[in-house]
Amino acid sequence: MSHRADVVRRARALLGRTISGHGVTVRITEVEAYGGCEDPASHAYTRTPRSEIMYGPEYRLYVYRSYGIHFCANVVTGPTEIGAAVLLRAGEVTSGHELARFRRGETPPERDVQLARGPGNLAQALGITLADLGTDLLADHEQGDDGEFTGVRLGPECRGRPRIASGPRVGVSKAADVPWRFWLDGDPTVSAYRRSPRAPTPG
DNA sequence: CCAAAGATCGTG
DNA sequence: ACGATCTTTGGG
């Protein structure tokens with residue numbers, strides 16, 4: 001099995017799985033695979049201090065700031081010599097709605113499908129910042145003094161076989177031909193597709 | 001040192 | 001189509 005097939009399989013396996021962040025839980029509905037040093041679109045393509053975490057242990061959290069405004073959350077999937085990772089692009093909030101709405105700016109409940117739609121919004125809903133960089137997403141839950149769970153963790157693996165659709169990655173100008181964006185077919189929380197302004201025009 | 005680009009989002 | 005806002009990266 002090639003490394004490319006490996007990160008793709010792991011990206012698909014994250015769909016339907018839950019991730020909890022600082023009191024909010026979402027069911028992951030959209031992801032993108034990034035093939036590390038073998039993928040020109042990956043931050044790990046050029047190995048630098050920022051991307052070093054991607055060459056570390058699997059199921060750690062890679063967080064980066066996007067356009068000076070947003071944070072984006074990724075799951076490092078290994079192997080360590082490749083530095084592959086999966087960007088979490090969208091999810092459905094399943095608990096902590098009040099907190100998620102507050103973090104997103106007091107949006108009304110009728111717009112809950114948008115709470116974690118788009119990678120920046122997903123990270124914001126979960127309260128993920130650079131302070132969470134490197135978090136072990138599979139570690140045993142930590143609890144504060146009040147007994148409430150704090151931190152970022154993945155839930156158990158999804159058992160079912162959901163209908164998965166795929167297409168080109170959003171906002172990516174390099175390797176725009178590979179269909180490494182995956183989402184739960186028909187799910188209303190999936191983000192809108194916007195091609196990179198720099199992507200080569202097809203045809 | 002400096003300039004430029006960027007795995008975005010909301011608004012117009 | 002554009003602006004907000006800042007880190008990382010690479011070139012001089």
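Per chain, numbering begins at 1; letters A, B, ... match sequence-line order.
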List, with names and distances, any nitrogen or oxygen atoms from the protein found under 3.5 Å away from nitrogen or oxygen atoms belonging to nucleotides 10-12 of chain C.
none

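Partners of R181(A) under the side chain to side chain donor-acceptor pair (under 3.5 Å) rule, at least two apart in sequence or in another chain, are E30(A). In terms of the side chain to side chain donor-acceptor pair (under 3.5 Å) criterion, residue partners of T189(A) (sequence neighbours excluded) are, by chain and number, T29(A), D187(A). N74(A) meets the side chain to side chain donor-acceptor pair (under 3.5 Å) test with no other residue; sequence neighbours excluded. Scanning for side chain to side chain donor-acceptor pair (under 3.5 Å) contacts around R10(A) gives E58(A), with sequence neighbours left out.
Clustering of Ile, Leu, Val, Met, Phe, Trp and Tyr side chains at separations under 4.5 Å places Y193(A) together with V170(A). Y45(A) shares a hydrophobic cluster with no other residue; no ILVMFWY side chain has heavy atoms under 4.5 Å from its own.
A straight line from OH of Y34(A) to P of dA7(B) spans 7 Å, rounded to a whole angstrom. The CZ-C1' distance, from R111(A) to dT11(B), rounds to 13 Å in whole Å. dA7(B) atom P lies 11 Å from atom CE of M54(A), rounded to whole Å. With rounding to whole Å, Y45(A) atom OH is found 19 Å from dA5(B) atom P. Spacing between atom CZ of R195(A) and atom P of dC9(B) amounts to 18 Å, rounded to whole angstrom units.
Within 6.0 Å of atom CD in E81(A), more than 12 heavy atoms from other residues, nucleotides or ligands are found, so the atom counts as buried in its surroundings. Counted within 6.0 Å of CD on E98(A), heavy atoms from surrounding residues, nucleotides or ligands total 12 or fewer; the atom is thus considered open.
Only R65(A), Y67(A), G68(A), I69(A), listed by number, bring a heavy atom of residues 58-81 of chain A to less than 4.0 angstrom from any atom of DNA chain C. Near-neighbour residues of DNA chain B inside residues 124-138 of chain A, defined by a heavy atom below 4.0 Å, are absent.
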Full working for side-chain hydrogen bond (donor to acceptor under 3.5 Å, both in side chains) between S196(A) and S173(A): CA-CA 6 Å; S196(A) 165; S173(A) 57; 4.5 Å; no
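The minimum heavy-atom distance linking S20(A) with L126(A) is given by the pair C-CD2, 4.4 Å.
A distance of about 15 Å separates the P atoms of dC2(C) and dA5(B), rounded to the whole Å.
The residue R194(A) sits apart from the nucleic acid: no heavy atom pair falls under 4.0 Å.
An OP1 or OP2 oxygen of dT8(C) is reached within less than 4.0 angstrom by no side-chain nitrogen or oxygen of H43(A). The phosphate of dG10(B) (OP1 or OP2) has a side-chain N or O of R104(A) nearer than 4.0 angstrom.
Nearest-nucleotide positions on DNA chain B for S191(A) and R198(A) put R198(A) closer to the 5' end. Projected onto DNA chain B by closest heavy-atom contact, R50(A) and Q114(A) fall at different nucleotides, the more 5' of which corresponds to R50(A).
Checked against the 6.0 Å centroid criterion, the rings of H43(A) and Y64(A) qualify as a close aromatic pair.
Within the structure, side chain to side chain donor-acceptor pair (under 3.5 Å) contacts touching residues 158-170 of chain A (residues at least two apart or in different chains) are D39(A)-R169(A), R163(A)-D185(A).
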Can you list, pair by pair, the side-chain donor-acceptor contacts under 3.5 Å of residues 108-119 of chain A, counting residues two or more places apart and other chains?
| from | atom 1 | to | atom 2 | distance (Å) |
| --- | --- | --- | --- | --- |
| D112(A) | OD1 | R101(A) | NE | 3.0 |
| D112(A) | OD2 | R101(A) | NH2 | 3.0 |
| R117(A) | NH1 | P188(A) | O | 3.2 |

Starting at the 5' end of DNA chain C, what dot-bracket string do you get if Watson-Crick and G-U pairs under 3.5 Å are bracketed, crossing pairs use [ ], other-strand pairs use | and unpaired bases use dots? ||||.||||||.
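Judged purely by distance below 3.5 Å, without hydrogens or angles, the side chains of H22(A) and D132(A) pair a donor atom with an acceptor atom.
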